[in-house]
Amino acid sequence: MELGSTVKLAFKGTLEDGTVFGFADADNPMEFQTGMDLVVDGFENEILKMNEVGEKKTFTISEYD
């Protein structure tokens, strides 16, 4: 994926203790354009590594990402 791509995704963000801090599902997906500083850098970096429509990925980002 390239910077400037528009991304539409479902996700569930949780803290180490299992607390959910954000989510979006297929019926109401999150949508953003990469490279616009609209999401946390670590989150965007992991999304940019994805290449296929429908790809699923689990990852952890730190407070420093």
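Under the side chain to side chain donor-acceptor pair (under 3.5 Å) criterion, the residue pairs touching residues 10-29 are Asp17-Thr19, with sequence neighbours excluded.
For the atom pair CE of Met1 and CG of Leu3, the computed distance is 10.5 Å after rounding to the nearest 0.5 Å.
In this structure a side-chain-to-backbone donor-acceptor pair under 3.5 Å is missing from Ser5 to Thr34. Side-chain atoms of Glu44 come within 3.5 Å of backbone atoms of Gly35 as a donor-acceptor pair (strictly under, hydrogens ignored). One N or O on the side chain of Gln33 and one on the backbone of Gly4 form a donor-acceptor pair closer than 3.5 Å.
Residues passing the side chain to side chain contact (heavy atoms under 4.5 Å, CB included) test with Leu38 are Phe32, Met36, sequence neighbours excluded. Considering only residues two or more places apart in sequence or on other chains, Lys56 meets the side-chain hydrogen bond (donor to acceptor under 3.5 Å, both in side chains) condition with none of them.
For the residue pair Val40 and Ile61, the shortest heavy atom distance occurs at CG1-CD1, 4.1 Å. Annotation for Ala26 and Ala10: closest pair N-CB, 3.9 Å, computed over non-hydrogen atoms.
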### Message
Between Val7 and Met50, does the side-chain contact (heavy atoms from CB on, under 4.5 Å) criterion hold? Intermediate values first, please.
### Response
CA-CA 10 Å; Val7 177; Met50 300 173 78; over 6 Å; no
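Environment of CZ in Phe11: crowded, with over 12 heavy atoms of neighbouring residues, nucleotides or ligands closer than 6.0 Å.
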